[in-house]
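Data first, discussion second: the structure below is written as C-alpha cells.
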Amino acid sequence: MRLSRYFLPILKENPREAEIISHRLMLRAGMIRQQGQGSFSWLPLGKRVLDKVCRIIREEQNRAGALEILMPTIQSAELWRESGRYEDYGKEMLRIKDRQDRDMLYGPTNEEMVTEIFRSYVKSYKDLPLNLYHIQWKFRDEVRPRFGVMRSREFLMKDAYSFDLDYEGAKAAYNRMFVSYLRTFTRMGLQAIPMRADTGPIGGDLSHEFIILADTGESQVFCHRDYLSLAVPGADTDFSNDAEIGAIVKTWTTPYATTDEMHDEAAWEKVPASDRVSARGIEVGHIFHFGDKYSKPMGAKVTGPDGKDHFVSGGSYGIGPSRLVAAIIEASHDDNGIIWPEAVAPFDVGLINMKAGDAECDRVCGELHAAFVAAGKEVLYDDTDQRPGGKFATADLIGLPWQVIVGPRGIAAGEVEIKNRRTGERETLPIADVKQRFGAAA
Ligand code: P5A
C-alpha cells in the first residue's frame with residue numbers, strides 16, 4: 001500500500017480530550033475518529049488492527065470447538081421480558097420503538113437471543129455440547145464512557161454461549177473457553193491474568209475476568225506474583241480432552257487472583273508479602289457460568305439419556321476486541337508512539353523512501369515493495385514527498401514492527417537500512433539481504 005494513496009490522518013498535536021496514552025495515540029495515528037459520546041469510526045489503520053485482533057479470536061474460538069454465527073444488533077423486548085432482564089438491565093440498555101410502537105432494544109449482550117435459537121432447534125442431549133459465538137457491535141449507555149474505545153457506548157464484542165446437559169458438561173465448556181482465552185491474549189502479545197470476578201447483570205455463580213495489568217486500568221486487582229511467569233498452553237492443546245483442559249484451568253486458578261469486588265482480605269494475608277501484586281488492570285475478557293438462569297425461564301430443554309427433560313446448563317464468554325486494541329497500546333508503546341506486536345500490526349513493514357522522486361530511490365523502493373509483497377508481507381510504502389524527519393516520526397508513531405529505510409547515500413553503496421521498532425536496533429544491509437530478511441528471493 002502506497003502512503004500517498006492511503007488515508008492516514010495523522011495529528012501533530014496531542015488531542016486535549018484524550019486522558020490516557022492509548023486514546024491519544026489512536027487519535028494521533030489516525031486509527032479512530034470520535035463520532036459522538038462513546039462512539040467511534042474505525043479509520044483504515046485502526047480497522048486493520050481490529051480485524052487482526054478478531055482473526056486471532058476467531059481462530060482460537062474455532063480451535064476450542066465454538067461455532068461462529070451472526071445475530072442482529074437490534075432485539076425485541078419480548079425476549080428480554082421472558083428472561084426477566086428487560087426491567088432489570090436498567091439505564092445501560094438503549095430502548096427503541098419501531099413504527100408499530102413495538103419495544104425494541106440495541107443489544108448490550110445476546111443471552112436471550114441465542115437461547116431462543118437453541119430452544120427452537122435442539123431437543124436432545126445427543127446434540128450437545130454446543131457453543132455458538134458471534135462478533136457483533138453492542139451498545140451500552142455507560143454512565144461514564146471514557147478513554148476512547150476502552151470504555152465506549154458502542155463497542156465490538158465477541159460473545160460465545162455454551163449449552164450442556166448438566167453442570168459437569170457446562171464446567172468443561174467453561175474450561176475450554178478459559179484455556180482458549182489464555183491462548184488468545186498471548187497471541188496478541190498480552191499477558192492476561194484470569195481473576196475471580198463478580199457476575200453483575202449477566203448473573204451466575206462462577207466467573208473470571210481476564211485482566212491486563214496497566215496503571216491506567218479501571219479495575220483494582222490482586223494476584224499472586226506466580227501468574228507473571230506461568231506458561232501458556234500451546235497450539236497442540238487438545239480441547240477434546242476434558243482432563244487435560246481441566247488441569248490447565250487448575251494451574252491457572254490455584255494462586256490467588258481476584259478483582260476488587262471479590263477480594264478476600266483473609267486469603268490475601270496468607271500470600272507472602274513479597275508475592276503480592278496489587279495493581280490496576282484492564283478487563284479484556286469475562287466468562288460466566290450461569291446454569292439454568294436463561295434456559296429455565298425461556299424453556300430451553302433437551303431430552304437426557306434418562307428420557308427426561310433437562311433445562312440446559314449455560315455459560316457466556318465475552319471478549320472486547322475494540323477495547324483490546326487500546327489495551328495492546330497501553331501495554332506496548334514508548335515516547336515516540338505505538339509498538340505493535342507482530343501478530344496484530346496493521347502492516348508488517350514500513351518502507352520509507354527518503355527521497356521520493358529520485359529515480360534510484362524510487363526504483364529500489366519499487367523493487368523492494370514488490371519483493372516483500374510477493375513474499376506475503378503487508379507493506380506500507382511511504383512514497384510521499386514529506387521530509388525524512390516527518391517520515392520517521394510517522395513511522396515511529398504508527399508503530400509497524402520493521403522500518404526499511406531507503407536513501408540515496410545507501411543506494412550508492414548498494415545498501416539500505418532496517419530498523420526494529422521495538423528495540424530501536426538498526427542494521428545496514430545489502431539490498432539482496434534485506435529481501436531475504438523478509439522472506440523474499442534475493
Ligand atoms: C459475556 C458474553 C458479557 O456481556 N455476555 C456475553 C457476557 N460480559 S461483559 O463482561 O459485560 O462484556 C464482555 C467484554 O466486553 C468488553 N466490554 C467493553 N468494551 C468496550 N467498551 C465497553 N463499554 C465495554 N463493556 C464491555 C470487555 O472486554 C468485557 O470483558
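Each ligand, and each atom within it, is numbered from 1 in the order the structure gives. Sequence positions, counted from 1, serve as the residue numbers for this chain.
- For the pair Arg48 and Phe347, the cation sits on the ring face: its NZ or CZ lies under 6.0 Å from the ring centre, inside 45° of the axis.
- A cation-pi contact, defined as under 6.0 Å to the ring centre and within 45° of the axis, links Arg81 to Tyr86.
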Using distance only, find each side-chain donor-acceptor pair of residues 132-150 under 3.5 Å and give its atom names and separation, not counting sequence neighbours.
residue: Tyr133; atom: OH; partner: Asn62; partner atom: OD1; Å: 2.7
residue: Tyr133; atom: OH; partner: Glu68; partner atom: OE1; Å: 3.4
residue: His134; atom: ND1; partner: Met71; partner atom: N; Å: 3.1
residue: His134; atom: NE2; partner: Lys138; partner atom: NZ; Å: 3.4
residue: His134; atom: NE2; partner: Asp159; partner atom: OD1; Å: 3.2
residue: His134; atom: NE2; partner: Asp159; partner atom: OD2; Å: 3.0
residue: Gln136; atom: NE2; partner: Met71; partner atom: O; Å: 2.8
residue: Lys138; atom: NZ; partner: Gln136; partner atom: O; Å: 3.2
residue: Lys138; atom: NZ; partner: Asp159; partner atom: OD1; Å: 2.9
residue: Lys138; atom: NZ; partner: Asp159; partner atom: OD2; Å: 3.2
residue: Arg140; atom: NE; partner: Pro108; partner atom: O; Å: 3.0
residue: Arg140; atom: NH2; partner: Pro108; partner atom: O; Å: 2.8
residue: Asp141; atom: OD1; partner: Arg153; partner atom: NH1; Å: 2.8
residue: Glu142; atom: OE1; partner: Arg151; partner atom: NH1; Å: 2.9
residue: Glu142; atom: OE2; partner: Arg151; partner atom: NH1; Å: 3.3
residue: Arg146; atom: NE; partner: Glu218; partner atom: OE2; Å: 3.1
residue: Arg146; atom: NH2; partner: Glu218; partner atom: OE2; Å: 3.1

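- When heavy-atom distances to ligand 1 are checked against 4.0 Å, the residues falling inside are Thr109, Glu111, Arg140, Glu142, Val149, Met150, Arg151, Ser152, Phe155, Met157, Asp159, Tyr161, Ile202, Glu283, Val284, Gly285, His286, Phe288, Ser316, Tyr317, Gly318, Gly320, Arg323, ordered by chain and number.
- Ring to ring, Tyr89 and Trp80 are close: their centroids are under 6.0 angstrom apart.
- Under the side-chain hydrogen bond (donor to acceptor under 3.5 Å, both in side chains) criterion, the residue pairs touching residues 5-22 are Ser22-Glu330, with sequence neighbours excluded.
- Identified under the side-chain hydrogen bond (donor to acceptor under 3.5 Å, both in side chains) test for residues 313-323, with sequence neighbours left out: Glu111-Ser316, Ser162-Tyr317.
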